[in-house]
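Accompanying notes for the structure given below.
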Amino acid sequence: MPVRFYNTKTRNKDILQPQTEGHIKLYVCGITAYDYCHIGHARSALAFDMIVRYLRYRGFEVTYIRNFTDIDDKIINRAQETGATSEELAERFIAAFHEDMERLDVKSPTLEPKATEHVDEIIAMIQTLINKGFAYQAEGDVYYMVDKFENYGQLSGRNLEDMQAGARITVNEEKRNPMDFALWKSSKPGEPTWDSPWGPGRPGWHIECSAMSRRYLGDSFDIHGGGKDLIFPHHENEIAQSEAATGQSFADAWIHHGFVTIKDEKMSKSLGNFLTIREVLEDYEPEVLRLFVFSTHYRNPLDYSSAAMQDATAGLDRLYTCLAEIEGHTGTGSDDAKSVASQKDVDTIGLLPERFQKAMDNDFNTAQALGHIFESVKVLNKITQALPTEPASKDLLLLKQGAETITELADIIGVLKKDPISYINEKKQQLLKDANLSSDAIEQMISERTEARNQKNWARSDEIRDELLAKGIDLKDGPEGTTWKVK
RNA sequence: GGCGGCGUAGCCAAGUGGCUAAGGCAGCGGUCUGCAAAACCGUUAUUCACCGGUUCGACUCCGGUCGCCGCCUCCA
């Protein structure tokens, strides 16, 4: 079965067929480094991280380029506000981005090129566009002539007439067509500047991606990705620039992910309804954020709320609890004992990799893939639960294999990286700290309660249990004594 | 106005032209327990926004209506 994914260009789920057998060339638009990243940026990074992990799992070699926009109006403005240089500001937020990515366990792309390090390539490409008659100079700026490019608007499904009728276009006397966009902008005093044949200035936004993707992936490559908001104008403009300059077809396929919303509105800087990655990670485990992100298909909107994050937390706990229970069974079991697993159980576990792959092959359907994992967890829990004191070695083996498979597949989603028992313990310690309780104090209360229970003093026993429960401590009476966990 | 998408149980969320409409969270009943908790088992949509059409058969395809969201300006 081939991998299929939705291609914005064809509006169809196409079969993945790289230009070079077994090798995928992927370019993704990264961030503009002028502020801390919010969870919308996190979703973008996570979505492509998952896609790359999966494609590698499927045996492809992936060259993954994700750029940084480190020169831009927003950076210049923010730098001036804070008294830093644009370069310093960009460096600072690139470093912050890397910290965030590391905490989210997002694997590094093959390369992370920066616009400012590719000005030569950018200038060369602009010159080519001028020479070929696709661009013109005006007062130290250079603009791209959209009506010279035959297929302009094809990716986003628009045409120039409609867009101009829509009319929210800034008036600019220098442009021949209001839809023309800047390839090169002359610099004002105090702004970062590079020499060019058209005078001192800096690159426009769109051209950097055309120049950098060409430098590292060639004129034509397999997949170009980014957020849905980049389809127009950014990606439309990239196509126009690159195809006009090279005469080759640009990216074969385009992958665009959906937005993170809050109360069903797009999270964005301008609306002010955003949460930074670091803010969210103060309250939740990185893996909780991952599970939350991948519980919905990557092209759909993802609505952030504390309720949704608590759901994800409960889900992650369920996964780790299952693995920890299995890890707790250390023996090898008996060959004579009767198996408690049914053939159906064995099949469910055995077919997991196949079903997981089928879901992922279908446009990286992580929500469905996770569903299959949870189904297996249910089966494993059932078996763990039914295990007698002297379990069958066959069953223990099935449990171990099931846990191993789940851990391996979950790695594509980027969860279940921790040791399950440590995860449970760490979580316990953290919650204890929050509840301002020590293990010793709890143990002491438990022994007092055990004594009360031995005397069948249920009133006192329940009193202690309720007291702890009020502080979020659940007691669990088992055959080997009382254990506790934080709720 | 143009373009695109979405509307599935209390909430989140997959899915398919006909086989039981996954899974998670929450709830309820049960097993277990002195009572609980955890775990497990069972249960919660005869129905997939609404109205028509195509079809032997549609939630899935087509048309329309309503509602929500996004892009068309910087945006992941």
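Each chain gets a letter, A, B and so on, in the order the sequences are listed, and its residues count up from 1. No experiment lies behind these values; they were computed from the predicted model shown.
- Remark: A:Arg66 fails to qualify as a cation-pi partner of A:Phe48 under the 6.0 Å distance and 45° angle criteria applied to the six-membered ring.
- Judged by a 6.0 Å distance limit and a 45° cone about the ring axis, A:Lys418 is not positioned over the six-membered ring of A:Tyr423.
- A:Ile446 has its CD1 atom 17 Å from the P atom of B:A37, to the nearest Å.
- Here A:Asp264 lies in heavy-atom contact (under 4.0 Å) with sugar-phosphate atoms only.
- Taking atom P on both B:C66 and B:C74, the two are 32 Å apart, rounded to the nearest angstrom.
- Atom CZ of A:Phe232 is separated from atom C1' of B:C74 by 13 Å (rounded to the nearest Å).
- In this structure, A:Leu399 places its CG atom 17 Å from P of B:A39, rounding to the nearest Å.
- Nearest to the side-chain atoms of A:Arg465 among the listed nucleotides B:G34, B:A39, B:C72 stands B:G34.
- If you check every strand for non-hydrogen atoms under 4.0 Å, A:Gly30 touches sugar and phosphate atoms only.
- For the pair A:Lys427 and A:Tyr320, the NZ or CZ position fails the cation-pi test of under 6.0 Å to the six-membered ring centre and within 45 degrees of the ring normal.
- Across the P atoms, B:C59 and B:U8 are found 16 Å apart, a figure rounded to whole Å.
- For A:Asp462, the listed nucleotide lying nearest its side chain is B:G34; candidates were B:G34, B:C71, B:C40.
- To the nearest whole angstrom, the two P atoms, one in B:C51 and one in B:U46, are 15 Å apart.
- The gap from the P atom of B:C19 to that of B:U47 amounts to 16 Å, rounded to the nearest Å.
- Taking the P atom of each, B:U54 and B:C62 are spaced 15 Å apart, rounded to whole Å.
- Residue A:Lys228 contributes atom NZ, which lies 17 Å from atom P of B:C3 at whole-angstrom precision.
- Aromatic ring centres of A:Phe292 and A:Tyr284 lie farther apart than the 6.0 Å criterion allows.
- At a threshold of 4.0 angstrom between heavy atoms, the contacts of A:Arg449 include nucleobase atoms, whether or not backbone atoms are also involved.
- Listed by first and then second residue, the salt bridge (Lys or Arg N to Asp or Glu O under 4.0 Å) pairs involving residues 302-314 of chain A amount to none (not counting sequence neighbours).
- Nearest nucleotide to the side chain of A:Asp311, out of B:C40, B:G24, B:C71: B:G24.
- Closest-nucleotide positions on RNA chain B for A:Ser156 and A:Gly315 were compared, and the one nearer the 5' end corresponds to A:Ser156.
- Checking B:C25, B:C72, B:A76 against every side-chain atom of A:His38, the shortest atom distance belongs to B:A76.
- One interatomic measurement links the two molecules: CD of A:Gln154 to P of B:G2, which rounds to 21 Å at whole-angstrom precision.
- Taking atom P on both B:G23 and B:U43, the two are 11 Å apart, rounded to the nearest angstrom.
- Separation of the C1' atoms belonging to B:U60 and B:G18 is 11 Å when rounded to the nearest angstrom.
- For A:His329, the side-chain hydrogen bond (donor to acceptor under 3.5 Å, both in side chains) criterion is met by no residue, not counting sequence neighbours.
- One finds no salt bridge joining A:Lys13 and A:Asp361 here, because no Lys/Arg side-chain nitrogen approaches an Asp/Glu carboxylate oxygen to under 4.0 Å.
- Taking 4.0 Å as the cut-off between side-chain N and carboxylate O, A:Arg460 and A:Glu451 do not count as a salt-bridged pair.
- Residues of residues 360-374 of chain A that place a heavy atom closer than 4.0 Å to RNA chain B, in numerical order, are A:Asn365, A:Ala367, A:Gln368, A:Gly371, A:Phe374.
- Going from atom CD1 of A:Ile464 over to atom C1' of B:A37 covers 16 Å, rounded to whole Å.
- Stacking of A:Trp458 onto the six-membered ring of B:G34 is present: less than 5.5 angstrom between centres, less than 30° between planes.
- The side chain of A:Ser44 lies closest to B:A76, out of B:G70, B:C71, B:A76.
- If you take atom C1' in B:G67 and the same atom in B:C61, they sit 23 Å apart, rounded to whole Å.
- Among the protein residues, A:Gly226 comes within range of the sugar-phosphate backbone only, with heavy atoms under 4.0 Å from sugar or phosphate atoms but none that close to a base.
- Mapping A:Ile231 and A:Tyr34 onto RNA chain B by nearest heavy atom places A:Ile231 closer to the 5' end of the strand.
- For the OP1/OP2 pair of B:G34 and a distance below 4.0 Å, the side-chain nitrogens and oxygens of A:Arg453 include no atom meeting the criterion.
- The CE-P distance, from A:Met309 to B:G24, rounds to 19 Å in whole Å.
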Pairing string, 5' to 3', for RNA chain B - Watson-Crick or wobble contacts under 3.5 Å, brackets [ ] where pairs cross, | to another strand: (((((((..(((.....[....))).(((((.......))))).....(((((..]....))))))))))))....
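- Going from atom CE of A:Met267 over to atom CD of A:Glu265 covers 11.5 Å, rounded to the nearest 0.5 Å.
- Counted by atom type alone, A:Asp345 and A:Ser342 present one or more donor-acceptor pairs between their side chains at under 3.5 Å.
- When heavy atoms are screened at a 4.0 angstrom cut-off, A:Lys266 is found touching base atoms of the nucleic acid.
- When each of A:His235, A:His224, A:Arg299 is paired with A:His256, the side-chain hydrogen bond (donor to acceptor under 3.5 Å, both in side chains) condition holds for A:His235 and for no other.
- Among the heavy atoms of the strands lying under 4.0 Å from A:Val260 is at least one base atom, whether or not backbone atoms are also near.
- Within residues 286-303 of chain A, the residues having any heavy atom under 4.0 Å from RNA chain B are, by residue number, A:Ser295, A:Thr296, A:His297, A:Asn300.
- As judged by a 4.0 angstrom heavy-atom cut-off over every strand, A:Ser461 is placed among the base-contacting residues.
- What separates NZ of A:Lys13 from P of B:A14 is a distance of 11 Å, to the nearest Å.
- The side chain of A:Arg11 lies closest to B:G4 when the candidates are B:G24, B:A76, B:G4.
- Evaluation of the side-chain hydrogen bond (donor to acceptor under 3.5 Å, both in side chains) rule for A:Tyr64 yields no partner, not counting sequence neighbours.
- Heavy atoms of A:Leu230 sit under 4.0 angstrom from primed sugar atoms or phosphate atoms, though from no base atom.
- Taking a cutoff of 4.0 Å between a charged side-chain nitrogen and a carboxylate oxygen, A:Arg355 and A:Glu375 qualify as a salt bridge.
- Under the 3.5 Å distance criterion, with hydrogens and angles disregarded, no donor-acceptor pair is assigned to the side chains of A:Gln368 and A:His372.
- If you check every strand for non-hydrogen atoms under 4.0 Å, A:Arg158 touches a base.
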Step-by-step salt bridge (charged side-chain N to carboxylate O under 4.0 Å, His left out) determination, A:Glu236 to A:Arg158: CA-CA 10 Å; A:Glu236 200 70 72; A:Arg158 330 166 173 232; 5.6 Å; no
